[in-house]
Amino acid sequence: MNNRSLFIVKIVAFTLMLVAIVWAGIEFYNHRNFTETVVLGDGVSTVKKLSDYYPGLKDSVNDCNIYIFEGKEPGGTLMVIGGSHPEEPAANLTAELLVETAEVEVGRLIVAIRANRSASTVTRPGDAYPLYYTIPTPWGEKQYRMGDRWTNPLDAWPDPEVYVHYPSKQMLAYMDIRNFNRTWPGYANGTLTERTNFAFMELVRAENVDVFIDLHEAELEYPVISTIVAHQKGTNVAAMTSMMLNATEFKIGMEYSPKSLHGLSHREVGDHSQAVSYLLETPEPLLDRVRGITDEHLLLTGKDPFVQKAGEYGLLYEKIDDDGWPIDVRVGRHASTVLELAQSWSDLNPDRSIRVSNVPRYAEVIENGIGFYFANPANVPSQRLAYE
Amino acid sequence: MTFLNTLINASYYVLSAAVSLILIRNIVKTRDAQEAVLYCIILMPFLLRVFHIK
Amino acid sequence: MFVHAGLVLLIMVIAFVVAKWAKVTTELSMAIAALAGALYHTKGIPVRHLVEGSFNYFDVCLIFITATFFMNILKESGAVTFMVRSIVSRFFKHRYLCLLLLTIVMLVPGAITGSGAATVFTVGTLVGTVLTCMGISPNRTAAIIFLCAAMSAAAPPINLWAMMAAAGSNMPYVGFTKPLLVLSVVGKLGAAFILGARGKQVDLESALAELPESPVGMNWLKVGLPFIVLFALVVAGRIWPFSMPIVGLPMMFVLASIAAILVSPHKLRIVEIASTTIHSLIPLVGIMVVVGMLIQIMALSGARGLISLGVVTLPLYVLFFALWFILPVSEGLLQYAVAPLLGVPLILLFNMRGMEPVIALSAMATMWPLGDCLPPTAVVGRATVMELKFKGSYTKDFLKTCLVPIALILLMCTLFIVFSNELAFLVG
Ligand SMILES: [Zn+2]
């Protein structure tokens, strides 16, 4: 190849590369800076910031909103967090459903929608997730950021050679130092993720939370699925909840939080505070490795013939059929489980009881669709809007 | 500690920038067209990281 | 969806084969395959997916680049020459001990970079010279160098295949040290002693005459210091995790390189070394970036799921009988791409079948590098014959000599997979 054509190849390749990174760069930038609008339901008393409990997070990407509902009568305090793993959309949607609909009769409710905001500003290389998903509502479409399991590397770089969990000194995979559900109870001198967990622990202690619920979704290939994972302090409540739900709404299991597995909310929040901690899992076929075409459709419908085929071979821990696992079913399961946990807790702890009303349950969410419960931000005064 | 971590964080961006510069230098110097194209592809993630985009 | 994903896969294969046939390099052929699959699936160019995919192994690339830079600094400073010369002049009377020590020297570059080519480029020629002076035939010398290089790539702490496959299955890259060490050291010593057993005592004079001079002022302290820095950083991070800042492997290698530069007896042309490092890594870093793009497009279009489904629905005994063949051949064809493509679904399958995934993946990650002598890529094999200025035929002389030790290593690894549960005590 002569000099001239070599030069032309170089220029063309370099220009194409620049075009590609500018093109993709704009998409990444917009995704990272996209804000979701939340309409505060009538039950929300105040919206605080996570940094109100730990100033070390002030002005950081992870300084998320904390929605506080004061009940009409005193009682216990329930806290629900979504967005621990932003690649599990039913979690943040359920948290938002609470914020927009819940009314608290007795006790208090505290909600975080995007517990690890940073992880919701990036999608995982190699997995081809959609950048956004849209939920249809009676007034139009509502758009959300799809996220990743791990904190954005732009907010926490580099990873250590091996991640040593604080304070147990258990060794974990290096990237899990950015996994919000492996860094509990957090570390004030640690990385952004560890500091975020620390801030949440400060909140749990300061607000005297009684029941702490962390919302998740799981792939069907994973054994911990369709279940309530309970800290040993709260197994009776979880067992009662699972029994009630199995009898009236849907099948859900209950298991004990392993004592030797550190960094997870169901273990550490219970160990390091007065709260009883629970973690809820619903099935999300988008996370399965054998899934077929990866797109928003799969994310929202949970329908996938490849995952179904794996099920026929007995390789899955949850059933899947032609109906898939639609987002409304997943959100409905979470909503009912949260309400039922609060109910069972109140039955067993009448002096710290919590009564939440107006939140739709499983059957209603499936019938109306989750979008039905989201109000139009255009019709709401700006002081009743929050941004995630 | 925070200072050291910030310093290390910055040094990683410097490292990526250094790799990017060497890649660009190699694009200019190489005599092999296919190699030049491959250098350009490799450059993509490094440049986007240097500019704090991804 | 089965048909669609199958078509995407077919289009990718055709694009790859046509590109290879048109004399395009493996890396660019894979990029073309990714682009072709993307064009068919999206009826456009999914720029965001292609660019995002290129980030897939970004961290691994950084480790790889800095580790190789570190090895190249050591080579240029004369540390490697010094080590080989010292071993030969001190132990030339004890042939087996000499062979053993040289095998260990050949473990280091691959173990910390994860690449067999790094071993060949940094110590291959030097060790090859000594082996020839031991009366080992050129065929066997080349075979020993290649096999030691392949096993050093498999050796811990850095095994790129295991890292890439573990990352793809959300599995921690923890507990691999012992199984990988056992497999790679046994494999390496086995190969070296099977091929190098017969011969004569080292001819010291001709060996020292043929080896390059080691630089004046080099000593064991100067050779050891960079390694001590590296080791200290790793150990400190584990002993005082909460009072040490997080350095990360790439910066550890940079700091160790700086130590090596400071103690080097002569001035090093750092920019030149960095530039050669990148240049010599082009095929490997290039393949990791391109494979990331390919994997993203395959995930997007369902092709990845189809392959995974095909793998996980196979009966286990078929795998036991086929893996020893499939893994090296696929490595020869696709290089590191095999780890996410075949490794991830295999781990999934092992998990589902109740096998110990760490042992099984360690065994697979020791089988893959053996395929680096197989065409069409044959990266490490070609590097070996190039560095040693090997005169014989690539297949008839070099590959044929490698066959017996390769078969034995493959057998050992297959047994590790079959008995993964019994060997679970190695994970720990
Ligand atoms: Zn989760």
- prompt: So, do Y313(A) and V312(C) sit near enough that their side-chain heavy atoms are less than 4.5 Å apart?
  reply: no
- request: Side-chain contact test, heavy atoms from C-beta onward, threshold under 4.5 Å: evaluate it for P305(A) versus F2(C) and give yes or no.
  value: yes
Against chain A, work out which of [options] has the most heavy-atom pairs shorter than 4.5 Å and name it.
| options | answer |
| --- | --- |
| M252(C), M244(C), H49(C), R353(C) | H49(C) |
| T313(C), L294(C), V247(C) | T313(C) |
| L349(C), L300(C), V291(C) | L300(C) |
| L249(C), N351(C), V47(C), V51(C) | V47(C) |
| G248(C), P340(C), G292(C) | G248(C) |

field: ring-ring contact (aromatic ring centres under 6.0 Å, His included) against Y336(C), all qualifying residues, sequence neighbours excluded
entry: W161(C)
- request: Would you please test Q296(C) and D127(A) for side-chain contact (heavy atoms from CB on, under 4.5 Å) and show each step?
  value: CA-CA 6 Å; Q296(C) 176 114 359; D127(A) 266 301; over 6 Å; no
statement: So, the part of V8(C) with a heavy atom under 4.5 Å from chain A: the answer is neither
Contact class of L62(C) relative to chain A, heavy atoms under 4.5 angstrom: side chain
Best-contacting candidate, [options], against chain C by heavy atom pairs under 4.5 angstrom:
| options | value |
| --- | --- |
| V307(A), V290(A), I293(A) | I293(A) |
| P130(A), P153(A), A128(A) | A128(A) |
| L131(A), D295(A), V19(A), L298(A) | L131(A) |
| R149(A), K309(A), E161(A) | E161(A) |

State the [atom1]-[atom2] distance between [X] and [Y], to the nearest 0.5 angstrom.
| X | Y | atom1 | atom2 | value |
| --- | --- | --- | --- | --- |
| H41(C) | T294(A) | NE2 | OG1 | 8.0 Å |
| K303(A) | M1(C) | NZ | CE | 11.0 Å |
| L348(C) | E219(A) | CG | CD | 9.0 Å |
| I246(C) | Y163(A) | CD1 | OH | 9.5 Å |
| Y173(C) | D176(A) | OH | CG | 16.0 Å |
| L50(C) | I21(A) | CG | CD1 | 14.0 Å |

Which bit of [X] is near chain C, if near means a heavy-atom gap under 4.5 Å: side chain, backbone, both or neither?
| X | answer |
| --- | --- |
| I177(A) | side chain |
| V164(A) | both |
| T191(A) | side chain |
| F28(A) | side chain |

Main-chain N/O of F242(C) paired to Y187(A) side chain as donor or acceptor, under 3.5 Å: yes
- prompt: Just by modelled atom types, is the I239(C) backbone N or O under 3.5 Å from a matching donor or acceptor in the K169(A) side chain?
  reply: yes
Determine whether more than 12 heavy atoms belonging to other residues, nucleotides or ligands lie under 6.0 Å from atom [atom1] of [X].
| X | atom1 | result |
| --- | --- | --- |
| H4(C) | NE2 | yes |
| I45(C) | CD1 | no |
| H279(C) | NE2 | no |
| K23(C) | NZ | no |

- prompt: Hey, which residues of residues 314-323 of chain A are touching chain C, say heavy atoms under 4.5 Å apart?
  reply: L315(A)
- request: Please report the shortest heavy-atom distance between F306(A) and A5(C), naming the atom on each side.
  value: CZ-CB, 3.8 Å
Residue pair R304(C), R291(A): steps toward the side-chain contact (heavy atoms from CB on, under 4.5 Å) verdict: CA-CA 8 Å; R304(C) 187 185 72 172; R291(A) 68 173 183 266; 3.1 Å; yes
message: Between L309(C) and R289(A), does the side-chain contact (heavy atoms from CB on, under 4.5 Å) criterion hold? Intermediate values first, please.
response: CA-CA 9 Å; L309(C) 198 60; R289(A) 296 291 312 189; over 6 Å; no
